[in-house]
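In the text below, chain A, chain B and the rest are named by the order of the sequence lines, each starting its count at 1.
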There are 2 protein chains.
Amino acid sequence: MKLHVSPDIFPPRGHEAKRLSIVDSAATVFCREGFAGANIDLIAAEAGVSRQTIYNHHGDKERLFVAVVRDLTERCNAGIFATIATFPDQPGDLEADLIGFAVRLNQNCICNRDGKFLRKLIQTEGERYPELFAEWREQGPGRTWPAIAARFARLAYGGHLTIEDPDVAARQFLGLVNAELQTTFMLGGSPREDEVLQSATNGVRTFLRAFGKRRSAASSEKQSALTSA
Amino acid sequence: MKLHVSPDIFPPRGHEAKRLSIVDSAATVFCREGFAGANIDLIAAEAGVSRQTIYNHHGDKERLFVAVVRDLTERCNAGIFATIATFPDQPGDLEADLIGFAVRLNQNCICNRDGKFLRKLIQTEGERYPELFAEWREQGPGRTWPAIAARFARLAYGGHLTIEDPDVAARQFLGLVNAELQTTFMLGGSPREDEVLQSATNGVRTFLRAFGKRRSAASSEKQSALTSA
DNA sequence: ACAAATTTAGACACTCTTGTCTAAATCGTC
DNA sequence: GACGATTTAGACAAGAGTGTCTAAATTTGT
């Protein structure tokens, strides 16, 4: 019976620390081995914790897995929205600003540990836990894509871009900016920093050729030099 | 001792039929359950074959897996090159022709059974079999992407497109054309036919806005109405 | 330092899976 | 129909993994 309600949290500090450590190690192992291949003893060893403690905290391999996914989804979403907040609303150099945004999105949200792990889990176990990842789809792309689309709509409204459908433009922006990273993503790897920059640069240039203000105008200094044909 | 060499093949017809059936079912189960989760008994049952027969043919769960991947890679590659052969070299209506090509590529190579399975296996087991999937990377994207790039280079040479780097353009074409199918691919699903068409249409329109001939006057919508050559 | 809660190590039962083995049944071919 | 090769069903040993239990050790708050 736990009646003497503590001011803030109930379990001692070390308790929550262990919980975190467990979820962290579980993420690593689940991603490396898959759900079926993951071994509770291995997770326990990697977390520096006894197997029984894992069962005390999460009760079950499956519930541990669900906790891992929820945890990753939450952290990734937070990162993505934080990055969306840096979207250039009043662009000085639109090309450079969009490239910067794309690189930040990749480095801080998609290629970092959480993003990589979440992507892997979605790919490998997505079909086994339809309801769990349907939730991700709603909370993840379902919320972030419209948010990015809204930023593009704002740029269009401000006269910096010519866009008919901001939702389509947003998805195409992401497609273009990651166009050269697809195979790496597929194989579960992390692209090097220069690869991310290269793909983002090429992607943004093409994006602006399609949606940037018509004519050379102020689109790019080098463009005027290049347009000779 | 097998000395009386038969004219053509040694094992009877039924033999090879069983081998095919086994690899087929193994592909299904490996994709659904992952390597660790896949169950030889289940594969045997699905193939309508006894477990021992699987061991007779492939000897080992791991070697069975490798056989499955090689089989899928081979078939997918064949399909992709067959589709690349239909790339529009002398376009009548470039937009319609490119959309058609993109849809064929998706329907016949990426979204069909083999493509879906291979993608899933690369995603889930890519890190566990680096050498196996390095081979795929070379034989797959390493050969198909340049082939597509060559086709775009030809279009540019013929004056139908304005492209600096055909390799970049090819990757971006694929990125654009699949921009709206990413989440579905990630979750291992197959997009509906109309989704494929929609994504391809939007993608090709943007692609042509970026790389199409710069007669800005009648660039996008009215273009199809004007072209009669 | 004390008392309560938490963690730990190890043993344990249980299930599942792989891969082997054997004898019987089936298949293909002559 | 007969023969050789293949397939089959089932039993089997060996190993691995999950989840439970217990008693001892450790940590935490007071």
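No donor-acceptor pair under 3.5 Å is formed between the side chain of B:Thr124 and the backbone N or O of B:Gly34.
Residue contacts for A:Ala44: at a heavy-atom cut-off of 4.0 Å it reaches no nucleic acid atom on any strand shown. Residue B:Gly37 is out of contact with every strand shown, counting any heavy-atom pair closer than 4.0 Å.
Look at CD1 on B:Ile54: it is 15 Å from C1' on C:dT20, rounded to the nearest Å. Atom-to-atom, CD of A:Glu33 to P of D:dA16 comes out at 15 Å; the value is rounded to the nearest Å. Rounded to a whole Å, the CZ atom of B:Arg63 is 15 Å from the P atom of C:dT18. Across the protein-nucleic acid pair, B:Lys61 atom NZ and D:dG15 atom P stand 18 Å apart, rounded to whole Å. Atom-to-atom, CG of A:Asn56 to P of D:dG19 comes out at 13 Å; the value is rounded to the nearest Å. Residue B:Phe30 contributes atom CZ, which lies 12 Å from atom C1' of C:dT18 at whole-angstrom precision. Here C:dT6 presents its C1' atom at 12 Å from CD1 of A:Ile22, a figure rounded to the nearest Å. With rounding to whole Å, A:Ile40 atom CD1 is found 9 Å from D:dG19 atom C1'.
Evaluated for a side-chain contact (heavy atoms from CB on, under 4.5 Å) with A:Cys109, the options A:Ile84, A:Ile80, A:Asn77 yield exactly one hit, A:Ile80. With A:Phe152 as the fixed residue, the side-chain contact (heavy atoms from CB on, under 4.5 Å) test singles out one of A:Val168, A:Asp165, A:Leu98, A:Asp167: A:Leu98.
Between B:Ile110 and B:Phe185 the shortest side-chain heavy-atom distance falls below 4.5 Å. Side chains of B:Arg113 and B:Thr28 form a contact here, defined as non-hydrogen atoms less than 4.5 Å apart.
Ring-centre distance between A:Phe65 and A:Tyr129: below the 6.0 Å cut-off.
Taking every side-chain heavy atom of A:Val49 into account, C:dT8 is the closest of D:dT20, C:dT8, C:dT18. Ranking D:dC12, D:dG19, D:dA9 by closeness to the B:Arg51 side chain, first place goes to D:dC12. Closest to the side chain of A:Tyr55, out of D:dG19, C:dT17, D:dT7, is D:dG19.
One end of the helix from C:dA1-D:dT30 to C:dC30-D:dG1 points its axis 40° away from the other end's axis, with each axis taken from 5 pairs and the angle rounded to 10°.
Remark: A:Phe101 pairs with A:Phe87 by the ring-ring contact (aromatic ring centres under 6.0 Å, His included) rule, at least two apart or across chains.
Between A:Thr53 and the phosphate of C:dT8, there is a side-chain N or O to OP1/OP2 separation shorter than 4.0 Å. Close to C:dT7, at under 4.0 Å from its OP1 or OP2, lies a side-chain N or O of A:His57. Side-chain N/O atoms of B:Lys18 include none lying less than 4.0 angstrom from OP1 or OP2 on D:dA5.
In terms of position on DNA chain D, the residue among A:Asn39 and B:Gln52 whose nearest nucleotide sits closer to the 5' end is B:Gln52.
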